[in-house]
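One structure is given here, and the rest of the page talks about it.
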2 protein chains.
Amino acid sequence: MASRSTQILEAAARVIARRGVRGLRVEELAAEAGVSTGLIYYHFKDRTGILRHTLEFINDRAERYTTARDPDAPPLSPREELEHTLLLELQEKEEVRENSAAWGELRSTAVFDAALREDLARATLVWVREVAALLGRVHPRAPAVTLTSAAERLTALLEGLSMRWLSGGLPVDRARELLKGAIAVELAGLDRG
Amino acid sequence: MASRSTQILEAAARVIARRGVRGLRVEELAAEAGVSTGLIYYHFKDRTGILRHTLEFINDRAERYTTARDPDAPPLSPREELEHTLLLELQEKEEVRENSAAWGELRSTAVFDAALREDLARATLVWVREVAALLGRVHPRAPAVTLTSAAERLTALLEGLSMRWLSGGLPVDRARELLKGAIAVELAGLDRG
DNA sequence: GTCTATAACGGGATAGAC
DNA sequence: GTCTATCCCGTTATAGAC
């Protein structure tokens, strides 16, 4: 059974995905979580605290579904694993949509809220490194800086595609196709060195 | 001399770039524009009216500086023009930062506000077409669908890089470098067909 | 730990003078 | 058209009981 804190953070992810960070009302969050507003302040101190913990929660959850692998599934080639990992973030699944929406909100909120910047920058760095490592498994001889640049481009592109998807201008299948294309183009670039 | 309305909208663009849509306070806007709050409500009815008119103002302005070309400047090669046009959006210039920040705000607001989606989708489409046309001038033999996909990737990447830049995780020079890299990689992809 | 109040405040919006 | 003054509501945050 999830703890109270977790229960509130799950609700926060839902409310943020539904209303955005801008639209998050502590009272609505309380209702969604089935607790009182007072309890929320007891656990998270203030509005910013809610946001920060939600970001952390979302990251952990993404980590989980990104890393999770069915033990009986056939092993993936490095390239397949790279594609699989990136495409995980572009799915109609409710949990994925929530995570993407919340991530986008936090990103755009951070533009005007210094308190979130540091956490966000750190989380982004971790993500870029993961992707760079996956690229490195496809192209073991490529220099680290080249891998990092490609990883920064692919992750930034994924964020851009996510925003277009969520803001209704781009069907998720088209977004996936574009991302696959970018992976192909980047890998071809690494081939040439 | 700019009209009072224009003066207020210019101030609104500055304030939104500084505080975001959610952080926009009518009182602060009034101070920034050097007018009273009452006058703002007189001209724009309410907060939403301010936002709508400001977003329109920003689009018109971006149109202007993207299209403007010094008549005495040396003519650019197709590839230079492509790079130039895309890199215009990644500069420390105050007006550019304002527009990028406001655009990002618009994009992320649209995720939760259906009223903005249509305008945004239309503006995005126009932009993608422009970039596809520029790509076509570099590679006249490339098929239209290929050009469109590359243009969608480059513009989505630019939006993603902008967000990272504005949220403090990515220096603008690094963002420019990454974008240039993406252009190179995409053009190489068009070479191979 | 959790709830029910309610305090405290910020900020949108309006009235009315000039 | 423009300003000053102010009302009033929504929201965050806290106090105190259980």
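Reminder, nothing fancy here: chain letters follow the sequence lines and each chain counts from 1. Model, not experiment: these values are computed from the prediction.
For residues 133-150 of chain A, the salt bridge (charged side-chain N to carboxylate O under 4.0 Å, His left out) pairs, not counting sequence neighbours, are A/Glu81-A/Arg137. Sorted by first and then second residue, the salt bridge (charged side-chain N to carboxylate O under 4.0 Å, His left out) pairs involving residues 70-80 of chain B (not counting sequence neighbours) are B/Arg79-B/Glu83. Screening residues 26-44 of chain B for salt bridge (charged side-chain N to carboxylate O under 4.0 Å, His left out), with sequence neighbours left out, gives B/Arg14-B/Glu32, B/Arg18-B/Glu28, B/Arg18-B/Glu32, B/Arg19-B/Glu28.
Side-chain contact of A/Arg174 with B/Ser149: a donor-acceptor pair under 3.5 Å is present, judged by distance alone.
For A/Ile8 and C/dG1, the CD1 to C1' distance is 10 Å, given to the nearest whole Å. B/Leu39 places its CG atom 16 Å from the C1' atom of C/dA15, with the value rounded to the nearest Å. The nearest whole Å value for the distance from the CZ atom in B/Arg19 to the P atom in C/dG10 is 14 Å. Between the CD atom of A/Glu28 and the C1' atom of D/dT11 there is a distance of 13 Å, given to the nearest Å. The distance between atom CG of A/Leu51 and atom P of D/dT11, rounded to the nearest whole Å, is 16 Å.
Every side-chain hydrogen bond (donor to acceptor under 3.5 Å, both in side chains) that A/Arg107 has, sequence neighbours left out, goes to A/Thr124, A/Glu159, B/Ser167. In this structure B/His53 satisfies the ring-ring contact (aromatic ring centres under 6.0 Å, His included) test together with B/Phe44, sequence neighbours excluded. Contacts of A/Asp46 classified as side-chain hydrogen bond (donor to acceptor under 3.5 Å, both in side chains), with partners at least two apart in sequence or in another chain: none. Scored by the salt bridge (charged side-chain N to carboxylate O under 4.0 Å, His left out) test, A/Arg61 finds A/Glu98 as partners (sequence neighbours excluded).
For A/Arg4, no side-chain nitrogen or oxygen approaches OP1 or OP2 of C/dG1 to under 4.0 Å.
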### Task
Do nucleotides 12-18 of chain D as a string where each nucleotide becomes B, S or -: B if the base has a protein heavy atom under 4.0 Å, S if just the sugar-phosphate does, - if no protein is that close.
SBB----
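Helix-axis bend for the helix from C/dG1-D/dC18 to C/dC18-D/dG1: the local axis fitted to the five terminal pairs at one end deviates from that at the other end by 0°, rounded to 10°.
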